[in-house]
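Data first, discussion second: the structure below is written as C-alpha cells.
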Amino acid sequence: MSYLIYVVFTIGVLATLLLTVGANWSPHAAGMTMTLLGVLGYLAFKAEMAGRQLSELGRQLSELHRLQAAYDQLDQQTKLIIRTDLELHRTQEELDRRLASLMSLHQLGRQLEVSLRPDEVFSKLDAAVVTNFGFSKGAIGMCASLDAIQWCSLIGVSEPHAEALRAHLQASGLLKRVLTNPTPQVLRAIASLEPAQQRLLDLLQVPAAVIAGILPHSGPAGFLILGRTSAGAATSKADEELVAILTNHLAIAVENSALYEETWASRRELERKVQERTRELAEANAELVRLNKAKSDFVSSVSHELRTPLAAIKGYASLLASGQFGPLAKPQGERVAKMEKHADLLTQLITNLLDIARIESGRVTMERQPIPVEEFLNTIHDVIQPQLQAKHIRYTVDRDGVTALVGDPQHLPRVFINLLSNAIKYTPEKGAIRVGLKREGPSILATVSDTGCGIGPEDLQKLFQEFYRANDPINQQVRGTGLGLALVKRIVEAHQGRIAVTSERGKGSTFSVTLPAE
C-alpha cells in the first residue's frame, strides 16, 4: 500500500512541474505549485495512514473470525460436556438405583431364608424393597389356582383398589396369562396396550408398571405388580431383569418353604408312627416278658414236678442194679444200666432248664469273688479228662500271666465245662483243643478253640437259642438237648460279660468269653 502511494505522489509531483514549466513562471505560480505539492503530500500521507488502518482492520477482522470460530467450537464442546455430564448423572443415578436394588435383593434373600411358610415369603415385600427398586407402588399375592389370588402385601395401594385389581385380574384372564407365562412384562400408558392392561394401569393409578408371575416347582404360585407414579421415570430393560431376579428369589424361597413344610409334616408323621410303633413294641415286649415269665414259671414248675418221679426211677434202677432184689441176668443188667444213663441225661436236662429259668427270672444271684486260675483250670480238666483221653485229643492252656478270674465259683466253671464238652464232641480223634486267657484292659478274654467240623454262617446267629441245634449230618450223630450254649450265654451275661463265636465249616470254631477283671 505504501509503495502505491509513493508512486501516485511521484506522478503528481511530475505532473505539477510539467504544468508549471509549460506555463509562465511566476512567484504566484510557484506558491500554487508548492501548495499543490503540500496537498498532494498530505493526501499521500493520509492515504498511507488509511491503508495502514485498513490493513489493521482486516487483520482485526481475521482475528475476530478466528475468535468467533474458537468460541463456536468452545460452545459446542461446552454443550457436549453438559450433555455428557447429564448422561453421567443419569447413569450414576441408574447405577445407584441398581446398587440399592441389589442390596435390597441381598437383604430380602437373607430374610427369605428364615421364612418357613409360603405366605410368609409373599409378605416379605415391603415399602423399602419397592422404593429401592425405583417404584412407588407394589402388590404381591398368593395364587392357589390360575384364577384366584390372595393379596399378601400391599404398598401404596389401598384395600378398595386392591379388591378392584383382584376382580379385574380374575375377570379379564390377565392373571391366568401371567401365571402361564411368568416372564416380567412392562406396561406403559403411552404405548398401545390391550384394554385389560390399560385398565390395570388405571386401577393402579400409574403411567407405567411391571407385572410378573411367581411360579415355583412346588408350593403355591404368586403374582407381582410394581408401578411408578412419575411419568418421567421410564421403565427400562434393567427393571425387567431386576424384577425377574426378584421373582426367582421369591420362587426359590416358596419352594424351600414348601419343602420345609413337607419335611416338617413328614417328620411329624414319622414321629407319630414311631411313637405308635414304640407303644406297640412296648406292649408286645410287655406281653413277651409276661409270656417269657409264664414260660419260665411253667418250665420251673414242670421241672420240679419231674424231679420227684425221676428221682424215684433212678433210685429204683440203682437198687435193681445193686442186686438187692436179687441177681439180674445180663440182658436185665444192660437194660437197667440204660435206664440209669437216660435218667442221668433227663436229670441234666431238667437241671439246665431250671437253671435257665432261675437266671432269667433273676432268682439266681451270681457271686463275684476271685477264683485262682490254677485251681479253676484243674477242676475243669478233671471233669473233661476222660473225654479227652477217649478221643486222644491234644489239650493245651495258655494263661498269658492271668492268675485269677472274678465270678461265681459254682456257675462260672459250668461255662467252660459246657464249651469244652461241645468242643470235644465235634472234634475228631487226635484233634486239638486250646484254652487261652488274656488281659485286655478292664476285662479278661477267655477263648476255647478246636479243630472240629466248624459251624455254617447260617447257624451262627441262632447258636445260643434254647433247643436250637444246627441242621448238620455230624450234628445228628452227637446227642444233645440244645440247652448247653443257651445256659452258657445266660451265665456269662449274668456275670456282666459277653460271649461270641467265630467259625468256618471244616476249619473249627473259637468261642470268646469276655468277663470283667475286677
Side-chain angles (χ1 to χ4, degrees), residues 101-130 132-133 138-155 162-163 165-166 169-170 173-184 210-226 241-292 458 461-462:
S101 302
L102 293 175
M103 292 296 296
S104 181
L105 273 176
H106 176 67
Q107 295 175 359
L108 181 63
R110 297 182 63 180
Q111 295 176 5
L112 293 176
E113 289 177 356
V114 297
S115 301
L116 303 180
R117 299 193 312 273
D119 55 339
E120 287 185 3
V121 173
F122 290 118
S123 63
K124 293 296 182 180
L125 186 71
D126 55 13
V129 176
V130 174
N132 289 333
F133 270 65
I140 186 171
M142 186 169 59
C143 304
S145 63
L146 294 179
D147 54 358
I149 184 171
Q150 175 188 353
W151 297 118
C152 297
S153 181
L154 299 172
I155 296 92
E163 289 300 320
L165 276 172
R166 176 166 59 183
L169 290 171
Q170 294 173 352
L174 191 58
L175 176 62
K176 183 176 182 179
R177 286 163 50 191
V178 172
L179 293 180
T180 305
N181 181 21
T183 306
V210 179
I211 59 175
I214 303 168
L215 201 62
H217 294 292
S218 59
F223 185 88
L224 174 66
I225 308 175
L226 295 174
E241 295 174 356
L242 285 173
V243 173
I245 296 174
L246 174 61
T247 54
N248 287 334
H249 272 65
L250 293 171
I252 293 172
V254 171
E255 289 178 14
N256 292 338
S257 63
L259 290 174
Y260 177 82
E261 278 192 335
E262 182 179 349
T263 305
W264 176 252
S266 300
R267 179 181 176 183
R268 293 183 62 183
E269 179 65 18
L270 180 61
E271 288 178 351
R272 185 189 65 79
K273 289 183 178 180
V274 167
Q275 291 175 357
E276 183 179 344
R277 297 296 182 271
T278 303
R279 184 177 65 255
E280 293 175 357
L281 288 174
E283 294 174 355
N285 187 59
E287 181 65 16
L288 287 175
V289 170
R290 186 188 67 79
L291 292 175
N292 190 55
E458 67 278 2
Q461 299 298 324
K462 304 176 182 178

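A quick note: this is a predicted structure, and the numbers were derived from the prediction, not measured.
We find the CD-CD1 distance between Q150 and I140 to be 12.0 Å, quoted to the nearest 0.5 Å. The NZ atom of K176 sits 13.0 Å away from the SG atom of C143 when rounded to the nearest 0.5 Å. Taken from CZ in F223 to CG in L174, the straight-line distance is 5.5 Å, to the nearest 0.5 Å. Between the CD atom in Q275 and the CZ atom in R268 there is a gap of 10.5 Å [rounded to 0.5 Å].
The shortest distance between side-chain heavy atoms of I214 and V121 does not fall below 4.5 Å.
For the pair W151 and A139, the tightest heavy-atom approach, listed with the atom from each and the gap, is CZ3-CB, 3.7 Å. Between L179 and G213, the closest heavy-atom pair is CD2-CA, 4.4 Å. Contact record, G138 with L226: CA-CD2, 4.0 Å, taken as the closest heavy-atom pair. Across every non-hydrogen atom of P184 and A212, the tightest pair is CA-CB, 3.8 Å. The nearest pair of heavy atoms linking Q170 to L175 is CG-CD2, 4.3 Å. Smallest separation of non-hydrogen atoms from A162 and L154: CB-CD1, 3.6 Å.
Exactly one residue among V243, I211, V178 makes a side chain to side chain contact (heavy atoms under 4.5 Å, CB included) with L224. That residue is V243.
With N285 contributing its side chain and L281 its backbone, the two residues share no donor-acceptor pair below 3.5 Å. For E255 (side chain) and H217 (main-chain N/O), a donor-acceptor pair under 3.5 Å exists by modelled atom type.
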| task | With side chain to side chain contact (heavy atoms under 4.5 Å, CB included) as the test, would you mind laying out the steps for V130 and D126 before giving the verdict? | result | CA-CA 7 Å; V130 174; D126 55 13; over 6 Å; no
| Worked verdict on E269 versus R272 for salt bridge (charged side-chain N to carboxylate O under 4.0 Å, His left out) | CA-CA 5 Å; E269 179 65 18; R272 185 189 65 79; 2.4 Å; yes
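By the side chain to side chain contact (heavy atoms under 4.5 Å, CB included) test, L215 is found to be paired with P182, A221, residues two or more places apart in sequence or in another chain being considered. Scanning for side chain to side chain contact (heavy atoms under 4.5 Å, CB included) contacts around E271 gives R267, with sequence neighbours left out. Every salt bridge (Lys or Arg N to Asp or Glu O under 4.0 Å) that E163 has, sequence neighbours left out, goes to R166.
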